[in-house]
Amino acid sequence: MDYNKLADFLFPHITKTPEDYEKMFPERELPEGAKVTRLGPSPTGFIHLGNLYGAFVDERLAHQSGGTFYLRIEDTDDKRYVEGAVDIIIDSLKFFGINFDEGATKDGDIGIYGPYYQSQRGEIYGCFAKELVKKGMAYPCFMTSEEIEEIRAKQEANKENPGIYGKYALNRNLSVEEVEEKIASGMPYVIRLKSDGKTDVPAEEMDYFEVEDGIRGKVSMPVNNQDVIILKANGIPTYHFAHVVDDHFMRTTHVVRGEEWLPSLPIHVELFEKTGFEMPVFCHTAQLMKIDEESGQKRKLSKRKDPELSLDYYRNEGYHPAAVREYLLTILNSNYEEWRAENPAADIDEFEFTTEKMSNSGALFDLNKLNDVSKDTLVRIPASELRVFMADWSREFMPEITKYFEDDAEYIEKILDLGRTGDKPRKDLVYAKQIFEFINYFFDEYFEIQDELPENAAADAEVILKEYLASYNHADDQSEWFNKIREITEKLGYAVKPKDFKKNPDMYKGHVGDVSTVIRIALMGRSQSPDVWEIQQILGEERTRARIEKFMNK
Ligand code: GLU
């Protein structure tokens, strides 16, 4: 069989040689140990937590080692292409602090290893498909979908492995003349890998290969024996082929990708062998899982059921990027929380991220845990920064409240810092939407009575407030203020100590907590809030008195 002839016949337009490409895309000059990683999203417009999770690993590996992290757009499936998708990818990741050094950008490609859109790399894939045909390692296949369907049915009936391999690979040995004839008659064809894997031995006699996965350690699997498609009928490469060619010529050292690709690893290993390219280190990340609310079972996060899978969710709700990063690291590296506990003030990038500390059995995503991490993260962010963060978030998602974060910086910063200073800071702030709801009683337009008066003191509300207003002195310090509350409590027949009331409920109408809750409700509209005295100091005397009066006159 004259494979050269076949290759020239199939790829007459390919003039460059593999050596040309090796020269065009030389090995990168990077410091020893520097890692080159990439994100290869499809431009579908939907960017999810899994992408961010993987991107985070890529980014850390590259930037911790003085390497390069680039963006490659895997747009070989034009049916899924969504206008503006690349901008969405870049912007969303940037928001979470992930920046690329090279590749597709909003203003075109940056870097000498491009083009970084797979759709523009046709000639390169053609060159290597041609090369494989030349070496007798790939061949054109004209099998029709009916033939393939028939084979599938037969394999199913015989309980055999599905796919095109061995005796089912009907076009493996066509002569050049047969190929020419079929093409001349207009038959469409794909290019298939001619696999070397044994196809006629029992499972226990299959050959195995071993690969050292960056996350999983030693991975051992049966070698590939499928004649997989490498170029589709329209000349576009499959993922398998594009991955091998691109990661070689973009000089990727570490391929971080979801574990859903693990079953295809045998194909990739065979393709790396046949092309003679050096294999990168594979890092197969665990799937993001959650506990299903209904069944209580672990399951994969789903686009349909779980809004939190979309990165937009975190933007809309207003999670601070630092909190999301912090949380992702807690699920990415098992030793992260310990590190954070020991280094509460350290910059997150000082943590040494390693793939070895990653879970390989499904990373559990938990919104409640994210919220807890977020509370801890926000406590460390100064009010002045939080104010700017809130202003930026609201400009996009709630423009009607931006003024509160811009007009009076002093007022809003006091509000944001309420109870956050001191040894035991309150951790009430979680994400922008929640923060605004939590503090909105400071703004008259949003102030409303949300909670009921306490049962024990409801009937006395007016008289409590009357006494309160009469004794109110804005200049009182916290203890003077509280002494006055105690006096009112006693005077009106309530217990100053809640435990006295508990012991002798018949002797009192209620206790000091009921009295102060009445004041809380008049001032904040809520029965729970940070320290009342501090809130009054922020509200100012006029607003404080006005709210009490308004409540009394209701
Ligand atoms: N385009 C592939 C995906 O979106 C990329 C997988 C990879 O990183 O190799 O799943």
Side-chain angles (χ1 to χ4, degrees), residues 46-53 55-56 88 91-98 288 290-291 293 301 303 305-332 336-337 340 344 348 363-406 409 411-421 425-443 446 450 524 526 528-530:
F46 180 68
I47 167 132
H48 55 78
L49 199 63
N51 299 125
L52 180 64
Y53 176 84
F56 204 93
I88 295 177
D91 288 341
S92 317
L93 293 174
K94 189 175 175 173
F95 179 80
F96 293 104
I98 299 209
L288 282 181
K290 74 178 272 186
I291 302 286
E293 281 119 36
L301 279 168
K303 189 170 167 181
K305 290 193 215 154
D306 307 312
E308 73 268 30
L309 182 59
S310 163
L311 284 193
D312 285 347
Y313 175 83
Y314 305 91
R315 300 276 300 267
N316 293 338
E317 299 291 291
Y319 279 92
H320 195 286
V324 176
R325 285 170 70 87
E326 192 78 22
Y327 176 60
L328 278 182
L329 262 182
T330 67
I331 46 178
L332 277 167
Y336 180 71
E337 279 181 276
R340 177 49 87 199
I348 193 168
L364 198 58
F365 181 80
D366 176 358
L367 262 185
N368 294 325
K369 179 78 201 254
L370 166 63
N371 288 341
D372 284 345
V373 169
S374 191
K375 287 176 188 168
D376 288 336
T377 310
L378 295 196
V379 160
R380 293 196 292 269
I381 300 180
S384 53
E385 253 176 63
L386 271 187
R387 179 182 70 76
V388 175
F389 167 72
M390 291 296 294
D392 291 343
W393 171 81
S394 67
R395 217 171 286 120
E396 207 173 339
F397 299 103
M398 246 183 126
E400 67 279 16
I401 64 164
T402 307
K403 57 178 191 259
Y404 298 132
F405 300 96
E406 286 186 327
Y411 185 58
I412 185 68
E413 284 174 21
K414 274 193 216 149
I415 295 171
L416 291 171
D417 252 348
L418 186 59
R420 294 204 319 149
T421 46
R426 291 179 63 102
K427 294 180 181 175
D428 307 298
L429 310 184
V430 195
Y431 51 89
K433 209 184 250 181
Q434 173 272 342
I435 293 174
F436 185 66
E437 274 165 26
F438 186 70
I439 63 171
N440 67 8
Y441 57 85
F442 280 100
F443 311 110
Y446 284 85
Q450 294 182 349
M524 277 80 79
R526 324 175 173 193
Q528 304 280 331
S529 77

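A ring-centre distance under 6.0 Å is not found for Tyr404 and Tyr411.
The pair Lys305-Glu293 does not meet the salt-bridge criterion, since no charged nitrogen lies less than 4.0 angstrom from a carboxylate oxygen.
Note that NZ of Lys290 and CG of Leu367 are 7.0 Å apart. Values are rounded to the nearest 0.5 Å. Remark: Leu301 CG to His48 NE2 distance equals 10.0 Å, nearest 0.5 Å. Atom OH of residue Tyr53 and atom CD1 of residue Ile331 lie 6.0 Å apart, to the nearest 0.5 angstrom. With rounding to the nearest 0.5 Å, the separation of OH in Tyr441 from CD1 in Ile415 is 8.0 Å. Asp372 contributes atom CG, which lies 10.5 Å from atom OG1 of Thr330 (distance to the nearest 0.5 angstrom). Atom CG in Leu52 sits 7.5 Å away from atom CD1 in Ile47 (nearest 0.5 Å).
Pairing each heavy atom of Arg387 with each of Glu406, the nearest pair is NH1-CA, 4.2 Å. When all heavy atoms of Arg420 and Pro382 are compared, the pair lying nearest together is NH2-C, 3.8 Å. In terms of heavy-atom proximity, Asn51 sits nearest to Phe46 at OD1-O, 4.1 Å. The two residues Leu370 and Ala323 have their closest heavy-atom pair at CD1-O, 4.0 Å. For the pair Tyr446 and Asn440, the tightest heavy-atom approach, listed with the atom from each and the gap, is CB-O, 3.5 Å. Here the closest heavy-atom approach between residue Val430 and residue Leu378 is recorded as O-CD1, 3.5 Å.
The ring pair (Phe, Tyr, Trp, His ring centres under 6.0 Å) with Tyr431 is formed by just one residue from the set Phe389, Phe438, Tyr319, Tyr313; it is Tyr319.
Proximity of Tyr314 to Leu49: side-chain heavy atoms (C-beta onward) are separated by under 4.5 Å at one or more points. With a 4.5 Å cut-off on side-chain heavy atoms, Thr377 and His320 do not count as touching. By the 4.5 Å heavy-atom criterion applied to side chains, Ile439 and Leu416 are counted as neighbours. Residues Trp393 and Met398 form a side-chain contact, since some pair of their non-hydrogen atoms from C-beta on lies under 4.5 Å apart.
Proximity of a side-chain donor or acceptor of Ser310 to a complementary backbone N or O of Pro307 within less than 3.5 Å is not detected. With hydrogens and angles ignored, the 3.5 Å screen pairs a side-chain donor or acceptor of Arg325 with a backbone N or O of Gly97.
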Evaluation steps, side-chain hydrogen bond (donor to acceptor under 3.5 Å, both in side chains), between Asn371 and Tyr327: CA-CA 9 Å; Asn371 288 341; Tyr327 176 60; over 6 Å; no
Stepwise salt bridge (Lys or Arg N to Asp or Glu O under 4.0 Å) check, Asp392 with Arg395: CA-CA 5 Å; Asp392 291 343; Arg395 217 171 286 120; 2.9 Å; yes
Step-by-step side-chain contact (heavy atoms from CB on, under 4.5 Å) determination, Phe96 to Leu311: CA-CA 10 Å; Phe96 293 104; Leu311 284 193; 4.1 Å; yes
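Remark: Asp428 pairs with Arg426 by the salt bridge (charged side-chain N to carboxylate O under 4.0 Å, His left out) rule, at least two apart or across chains.
Within a 6.0 Å sphere centred on NZ of Lys403, heavy atoms belonging to other residues, nucleotides or ligands number more than 12.
Residue pairs satisfying the salt bridge (Lys or Arg N to Asp or Glu O under 4.0 Å) criterion with at least one member in residues 430-442, sequence neighbours excluded, are listed as follows: Glu317-Lys433.
A cation-pi contact links Arg315 to Phe95, judged by a cut-off of 6.0 Å to the six-membered ring centre and 45° from its axis.
By the 30° and 60° cut-offs, the orientation of the rings of Phe436 relative to Phe443 is parallel.
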